[in-house]
Protein chains: 2
Amino acid sequence: MGRTSDAKERLIEAVIELIWTGSYGSTSVDQICERAGVKKGSFYHFFESKTELALAGIEHGWSEHRKKLDQVFSPVVPPLERIWQCFRDFTLEQGELREKHGRVLGCPIHTLGAEVSTVDEKLRQKLQDILSQFVCYYESAIRDAHAQGFIQAPDAPALARILFAYGEGLLAQARIWNDLSHLNSMELGARLILGVKS
Amino acid sequence: MGRTSDAKERLIEAVIELIWTGSYGSTSVDQICERAGVKKGSFYHFFESKTELALAGIEHGWSEHRKKLDQVFSPVVPPLERIWQCFRDFTLEQGELREKHGRVLGCPIHTLGAEVSTVDEKLRQKLQDILSQFVCYYESAIRDAHAQGFIQAPDAPALARILFAYGEGLLAQARIWNDLSHLNSMELGARLILGVKS
DNA sequence: CTTTTAATTAACCAACTGGTCAACTTTGAC
DNA sequence: GTCAAAGTTGACCAGTTGGTTAATTAAAAG
């Protein structure tokens, strides 16, 4: 069925990287095209706008990340252990990113969400949706931990949102300070929120 | 000493509002000028770049906000009460902003910080500096609360950063979801972090 | 009233923005 | 080998970007 190409995939990878290492506003279509090695005409052959590419990039990044999350939050893993492992993975990933890009980058979804939520409703919606899905992982782990008597948490959704706010807040802190060490207290803060002794 | 003008002040107010209700990247010099009722030539008479105006705007906004914080975090107020009051003020302010702009806006410093910290080092530095100052308020209140036996917190700086990450995370959540109700759990989360019963 | 200093203005700039298009090339399927 | 579907290309667009300039105007200070 005609010519084939991986330009679409290259564009998707390029847009994620550029937004993550910079911002949505500072990322231009020309820049994305150059990074992907794709001419602008091809860009608009695959995507009808910059927003649409961003949407695709976000979706792709999330569906990749979900694979890891599904492993970490496997029901066979003790519930609190899921959360600690998730946080350890965050820290690990941020370390790798810093090595690769020379900077602490934080969470791309949350950072982008804060930036564009007042500006691009379509993006906002998608980002909110993904972040809501992410909160589900916490929620489920908290519910299990409560049911198994590890913690006292009758209102799992509320506690999950609190934990989520804290985690994202800390990642943003690490990005703004450009300092990984801010993530060191990740587990400590989570223990306080969940009410488990260190 | 020549002609006088309040154009500088108008520009400073305009840039804060535009960045807060939008983003740094989505705010253009032309837009700022139009909102302030100032011609571009005048803009560059007062500020040597967009970054420089943003810097001035941030500085101004912070020095205004500090006045309120100094009252809330007055040493004569019981330490934990300072924090609860601060959170109540946050929620109140966000409500007013939503009424005025039809949207939940969150914390301008933190939102802007997440956006520009990889893009504009000068802005990043300033934002980090201001946020560090803000953490000092928490830190001092926590230290006092510890000294007065209200909480057990030997490491005040660490706990302050945790509390700060949580608060900013929650404000960002409210902005992304465009939903004030996310702030309802503000005090609850803080109580968990600080280890005080409801 | 003059001088000096500061503010205003409009016209201007090159570079870049997101986006379009018609001609062209490649390739998979028959 | 043909042919149609799919991908590529570079030239092109109008509008906007951050920023400049020189001439003009207003007013504070002597």
Side-chain angles (χ1 to χ4, degrees), chain A residues 1-19 21-58 60 112 115-116 118-124 126, chain B residues 1-58 60 112 115-124 126:
Chain A
M1 260 215 141
R3 207 167 165 180
T4 56
S5 163
D6 62 339
K8 198 171 177 176
E9 285 70 38
R10 294 203 315 271
L11 284 167
I12 283 176
E13 296 217 345
V15 78
I16 297 177
E17 197 175 308
L18 284 170
I19 290 177
T21 57
S23 67
Y24 185 75
S26 73
T27 300
S28 73
V29 175
D30 282 337
Q31 224 177 128
I32 299 166
C33 288
E34 200 192 334
R35 165 92 37 139
V38 165
K39 292 295 183 307
K40 201 158 28 171
S42 285
F43 178 112
Y44 285 99
H45 174 69
F46 291 109
F47 300 97
E48 59 177 23
S49 69
K50 185 186 163 186
T51 298
E52 226 58 40
L53 170 60
L55 243 21
I58 292 161
H60 174 262
L112 180 57
E115 178 184 353
V116 303
T118 57
V119 169
D120 188 317
E121 173 60 19
K122 223 170 170 181
L123 274 176
R124 202 215 106 243
K126 172 57 97 180
Chain B
M1 257 212 144
R3 209 167 164 178
T4 56
S5 163
D6 63 338
K8 199 171 176 177
E9 286 69 38
R10 296 205 311 273
L11 284 166
I12 284 176
E13 295 216 347
V15 77
I16 296 177
E17 197 175 310
L18 285 170
I19 290 177
W20 208 353
T21 57
S23 67
Y24 185 76
S26 73
T27 301
S28 73
V29 174
D30 282 337
Q31 225 178 129
I32 299 166
C33 288
E34 199 192 335
R35 165 92 39 141
V38 165
K39 293 292 184 307
K40 203 158 28 170
S42 287
F43 178 110
Y44 286 100
H45 173 69
F46 292 110
F47 302 97
E48 57 177 23
S49 68
K50 183 185 164 186
T51 298
E52 226 59 38
L53 170 60
L55 244 19
I58 293 160
H60 174 261
L112 180 57
E115 178 184 353
V116 304
S117 58
T118 58
V119 168
D120 188 316
E121 173 60 18
K122 225 170 169 180
L123 275 176
R124 202 214 106 242
K126 172 57 94 180

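Not measured: the values here are computed from a predicted model. Convention: sequence-line order gives letters A, B, ...; per-chain numbering from 1.
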How long is the line joining [atom1] of [X] and [atom2] of [N], in whole Å?
X	N	atom1	atom2	result
Phe46(A)	dT9(D)	CZ	C1'	13 Å
Phe47(A)	dG18(C)	CZ	C1'	16 Å
Glu34(A)	dT17(C)	CD	P	11 Å
His45(B)	dA23(D)	NE2	P	17 Å
Ile32(B)	dT17(D)	CD1	C1'	12 Å
Leu11(B)	dA7(C)	CG	C1'	12 Å
Lys50(A)	dT16(D)	NZ	P	16 Å
Asp30(A)	dG10(D)	CG	C1'	13 Å

Below 4.0 angstrom, N of the basic side chain to O of the carboxylate: do Arg35(B) and Glu13(B) qualify?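 No, this pair does not count.
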
Cationic N near anionic O, under 4.0 Å, Arg124(A) to Glu121(A):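 Counted as a salt bridge, because a side-chain N and a carboxylate O are separated by less than 4.0 Å.
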
For the residue pair [X] and [Y], establish whether any side-chain heavy-atom pair is separated by less than 4.5 Å.
X	Y	result
Leu55(B)	Phe47(B)	no
Leu123(B)	Ile58(B)	yes
Tyr24(B)	Val119(B)	no

Counting N and O atoms only, with roles assigned by atom type, does the side chain of Glu115(B) sit under 3.5 Å from a partner on the main chain of Gly25(B), one being a donor and the other an acceptor?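 Pair found, side chain donor or acceptor close to backbone of Gly25(B).
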
Strictly below 4.0 Å: does [X] bring a side-chain N or O up to OP1 or OP2 of [N]?
X	N	result
Ser5(B)	dT8(C)	yes
Lys39(B)	dT8(C)	no
Ser28(B)	dT16(D)	no

When we call it a touch if two heavy atoms are under 4.0 Å apart, what does Phe43(A) touch: a base, just sugar-phosphate, or nothing?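 No contact at all - Phe43(A) keeps every heavy atom at 4.0 Å or more from the nucleic acid.
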
Select base, sugar-phosphate, or nothing to describe what Thr51(A) touches, counting heavy atoms under 4.0 Å on all strands.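 No contact.
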
What closest approach, in Å, do [X] and [Y] show between heavy atoms, and which atom pair accounts for it?
X	Y	result
Gly57(B)	Ile12(B)	CA-CG2, 3.9 Å
Arg10(A)	Ala36(A)	NE-O, 2.8 Å
Phe43(A)	Val38(A)	N-CG1, 3.9 Å

What bend angle does the helix from dC1(C)-dG30(D) to dC30(C)-dG1(D) show across its length, from five-pair end axes and to the nearest 10 degrees?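 Inter-axis angle at the ends, rounded: 10°.
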
Taking the nucleotide of DNA chain D with the nearest heavy atom to each, does Val38(A) or Gln31(B) sit closer to the 5' end?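 First, find each residue's nearest nucleotide; the 5'-ward one identifies Val38(A).
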
Which atoms of nucleotides 25-27 of chain C (N or O only) lie under 3.5 Å from a protein N or O atom, and what are those distances?
| unit_1 | atom_1 | unit_2 | atom_2 | d |
| --- | --- | --- | --- | --- |
| dT25(C) | O2 | Arg3(A) | NH1 | 2.8 |

How far apart are the C-alpha atoms of Ile32(B) and Val15(B), what are their side-chain angles, what is the distance that settles it, and do they pass the side chain to side chain contact (heavy atoms under 4.5 Å, CB included) test? CA-CA 6 Å; Ile32(B) 299 166; Val15(B) 77; 3.8 Å; yes

If you take atom types as modelled and just measure distance, does the side chain of Lys40(A) reach the base of dG18(C) with a donor-acceptor pair under 3.5 Å?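 Such a pair exists between side chain and base.
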
Nearest to the side chain of Tyr44(A), which nucleotide is it out of dT17(D), dT17(C), dT20(C)?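 The listed nucleotide nearest to Tyr44(A)'s side chain is dT20(C).
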
